[in-house]
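Okay, structure first, notes after.
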Number of protein chains: 4
Amino acid sequence: MTDERTANDQSPWMPFENRRRARDEKREAVLRMAVQVFLEQGYHRATLNEVAERLNITKPALYNYFRSKDEILFECWALGQEQVDDLIAVINRSRQSGLGKLRALVHAYAETMATDFGASLVRFDPRDLKPHNAEKVRAAKRGIDLTFRRYIAEGIADGSIKPCDPKLAAFAIAGSLNWIGHWYQRGGSLTPDAIADEFAIRLTDGLARRSVKKASAEAAPAPRTRKPTKGENR
Amino acid sequence: MTDERTANDQSPWMPFENRRRARDEKREAVLRMAVQVFLEQGYHRATLNEVAERLNITKPALYNYFRSKDEILFECWALGQEQVDDLIAVINRSRQSGLGKLRALVHAYAETMATDFGASLVRFDPRDLKPHNAEKVRAAKRGIDLTFRRYIAEGIADGSIKPCDPKLAAFAIAGSLNWIGHWYQRGGSLTPDAIADEFAIRLTDGLARRSVKKASAEAAPAPRTRKPTKGENR
Amino acid sequence: MTDERTANDQSPWMPFENRRRARDEKREAVLRMAVQVFLEQGYHRATLNEVAERLNITKPALYNYFRSKDEILFECWALGQEQVDDLIAVINRSRQSGLGKLRALVHAYAETMATDFGASLVRFDPRDLKPHNAEKVRAAKRGIDLTFRRYIAEGIADGSIKPCDPKLAAFAIAGSLNWIGHWYQRGGSLTPDAIADEFAIRLTDGLARRSVKKASAEAAPAPRTRKPTKGENR
Amino acid sequence: MTDERTANDQSPWMPFENRRRARDEKREAVLRMAVQVFLEQGYHRATLNEVAERLNITKPALYNYFRSKDEILFECWALGQEQVDDLIAVINRSRQSGLGKLRALVHAYAETMATDFGASLVRFDPRDLKPHNAEKVRAAKRGIDLTFRRYIAEGIADGSIKPCDPKLAAFAIAGSLNWIGHWYQRGGSLTPDAIADEFAIRLTDGLARRSVKKASAEAAPAPRTRKPTKGENR
DNA sequence: AATGAATGAGCATTCATTCAT
DNA sequence: TATGAATGAATGCTCATTCAT
């Protein structure tokens, strides 16, 4: 923590840059500690004192970086959301069948759920946020849900996924994944990657026109289709 | 103590019975209102005042029926757990394949998740309870999880379920189901029964040695998506 | 509780008398239990529920006999005060020297302090009473104090007591005695009578123109320290 | 408050010192006010609000210095106990006969009883404390009692005190002294010093092998520790 | 940028007391 | 007379937030 400070004193050329970097680093450090404490104890039972103490600072110091406890909560969520947004963006850019995209999303999302910020997406309660932010959260959740549905619809359209109700299928899959955020614990017998692998298969196998096992046994190349326009999914 | 009272009246055991029944009814009314408020606002944001006011009584009156806020929380959970215990007991007594039991459990559990007390099983935080009760909750959760795994293992043993890791499969299924407690809202477009039907198929189809569709296609020429005869699932 | 009731029903001839007697007996029973609980736990920590439960009745039942908790407290005190008043009345009527009266008072007061109602004289706080009653208590306390002083003054006048400041002497003696109410416990190694004997000597010996020891040594060749015939002390 | 700032510029280690001192001073101020309110109204009737308001702060501010109401009570008691411990330590170090030590203790203890913190030793109820602290209090009380007994026993051994039962003698003396804490009021006609003088003589005269009066009459220089003149009061 | 101190708002809980039965 | 139920009043305590330094 004091490292940046000293660094700052030693490099007077870019004091501003350094300061801002130091500030951002501290901000992040707060979030990393906060998300941990919030997950560990629950948002309401967790106190800012606890967060501050673990950072070896005092409570009011937190207010240099955040305006309120719920803003901290929101930022924790936002970091997790950012991860998901990125991961969706990558998949969106990829050229795969609907099933392929769905599997990629399941895999990546499962891994995310095993991180602190990822878990914060499903273990924090939007009602603890200011209405303004709560709405952002709800919108983002809807967005993720729609992405699941879209991939499924794409898969149905391109024949990689058996016809089904995308809405309920998405709920089922998302439920399994979100639940990871509740039961996964670091240091358990399962690595996030293993979980992700397993879920990517299991959750989509029932939907696949050809199950993974059979498909790979037959060595049939994954059916590829064009990417349908968004309008088509809806 | 109440003997003179009862003896005094005409129906010796009625008044006492009546009193006790009235008391139990009120206790339950409190729980029904409390679970509603707790789900609606979240345990910490909800105040006993709110619960009491909605019941047209005053806060201290609640203490005639419960010793503390967290005891109310626990009792809400307990009512939900009771439902699940009952439902598992019934399935345990039934003579079905592992797959059959699993499907029956999925169906019944899904329906339970759509009730207030059912949702309280997954939306309340055991850490809000006294250690004593928190442990009971955790034990019960473990119990449910083990039931899922057991049915799967049975299914693998009797050939109705494809070989797989019961632990992860159980997590995946339970996750989907538990998530219902988070998104289901009364008055939505989906009835609990419809959800339960759909989940019973979808979540188990991937595990079944023969998928529902194929199996029914072979057995009966009526390809059903949504609503198979209930008898079939169970 | 029901005993009086039945007795009442069986002897319809004097129902009124019986009722009143029963009522008074219950009233006293309440006071005996209350003083015990109050002493044991302290007035504020003690609840009427506790008192009632130990009597196998319910809290509101107490209100048939007393108007308020502090009235119970006052009545406990009053019973103790009555004892002291009686005991002073007896001594006042006796024909003794001032020293003799003082010793008699010390002895009797010490014994009283070892009773529940006696202890209530010094262990309850008048500020817990309604102003009306608090004033009665204070007046009575002053009365006792004045009695001590009067006996001392009488003793000085009649030569049985060495000249001294009656006020401070009374304080010193009363203090020792009152303190008994704080430390005495039933079942301890000292009997109330033994304590009373000892205090009667010790607290007055310093005041006596002739100490007990010397006096008795002159009168009788049996030097006694601990246990003179009761008659002698009084 | 501005003091630290100025001091800060001049002496680097001052501000911390100053802060701590300021804090300690405030803590003490709280205790001084609290003991006053507690004595005045009784612990249970006194509210932290009252204490805070008299200090021109708000209730929660008190929690910067103490963890709970009963901790404040305990600290009040502790300050008084400290005084007594010190005073006993001094007497223990002195070279006097048992009688001399006893008289010194009586005198000093009497004076202490006329202070707020001294009175708190006997007017607060250990049962209002957490078990942990209550035990400390009881142990300390036993310690004081034993000190009285020890001095008496020493006196008997060295011949300065007439043979007697140290236990009861200690009770009698301590009772008189403790009672001071109940009746003494600032602004009364008696000064603490006068009371102490009087009690030191009166309470020990009965025990002395030679009474003060006689002894001084015989021209034996009274072995005095604390307070020579004022013979008039005696 | 950081801190000690203070505050305001809120909430669970307790308990004497009342009342209808 | 006794009870179950309900209430009002009060209070200790917590904690996010602010402010002067």
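Chain A is the first sequence line, chain B the second, and so forth, proteins listed ahead of strands; every chain is numbered from 1. These numbers were taken from a predicted model, which means no experiment stands behind them.
- Applying the 4.0 Å criterion to OP1 and OP2 of F:dG4, one finds that B:Arg23 has every side-chain N and O outside that range.
- Of the residues near DNA chain E, B:Tyr43 and C:Asn49, the one whose nearest nucleotide (by heavy atom distance) lies more toward the 5' end is B:Tyr43.
- Residues meeting the side chain to side chain donor-acceptor pair (under 3.5 Å) test with B:Asp70, sequence neighbours left out: B:Ser68, B:Lys130.
- The main-chain N or O of C:Asn64 is found under 3.5 Å from a side-chain atom of C:Arg23 such that the two form a donor-acceptor pair.
- Applying the salt bridge (charged side-chain N to carboxylate O under 4.0 Å, His left out) test to D:Arg54 and every residue at least two apart in sequence or in another chain returns D:Glu40, D:Glu50.
- Remark: A:Asp125 engages A:Arg127, B:Arg45 in a salt bridge (charged side-chain N to carboxylate O under 4.0 Å, His left out) (not counting sequence neighbours).
- Comparing B:Lys26 and D:His44 by the nucleotide of DNA chain F that holds the closest heavy atom to each, the one mapping nearer the 5' end is B:Lys26.
- Side-chain nitrogen and oxygen atoms of D:Tyr65 include at least one within less than 4.0 Å of the OP1 or OP2 phosphate oxygen of E:dA6.
- Straight-line distance from the NZ atom of C:Lys130 to the C1' atom of E:dA16: 10 Å, rounded to whole Å.
- Spacing between atom CD of C:Glu50 and atom P of E:dT14 amounts to 15 Å, rounded to whole angstrom units.
- Atom CD of B:Glu71 and atom C1' of E:dT13 are 13 Å apart (whole Å).
- For the segment residues 51-63 of chain B, the set of residues with a heavy atom within less than 4.0 Å of an atom of DNA chain F comprises B:Ile57, B:Thr58, B:Pro60, B:Ala61, in numerical order.
- If you measure from atom NZ of C:Lys69 to atom C1' of F:dA10, you get 14 Å, rounded to the nearest angstrom.
- Residue pairs meeting the salt bridge (Lys or Arg N to Asp or Glu O under 4.0 Å) criterion with at least one member in residues 56-65 of chain D, sequence neighbours excluded, do not occur.
- Side-chain nitrogen and oxygen atoms of B:Asn64 include none within less than 4.0 Å of the OP1 or OP2 phosphate oxygen of F:dA5.
- For residues 53-72 of chain B, no pair satisfies ring-ring contact (aromatic ring centres under 6.0 Å, His included), with sequence neighbours left out.
- With sequence neighbours left out, B:Phe38 forms a ring pair (Phe, Tyr, Trp, His ring centres under 6.0 Å) with B:Tyr43.
- D:Phe66 comes within 4.0 angstrom of nothing in the nucleic acid, heavy atoms only.
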Only Watson-Crick and G-U wobble pairs with both distances less than 3.5 Å should count. Give DNA chain F in dot-bracket notation, marking inter-strand partners with |. .||||||||||||||||||||

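- Residue A:Leu48 contributes atom CG, which lies 7 Å from atom P of F:dT17 at whole-angstrom precision.
- Scored by the side chain to side chain contact (heavy atoms under 4.5 Å, CB included) test, A:Asp24 finds no partners at all (sequence neighbours excluded).
- Nearest heavy atom pair, residue B:Val137 against residue B:Pro126, reads CG1-CG, 4.0 Å.
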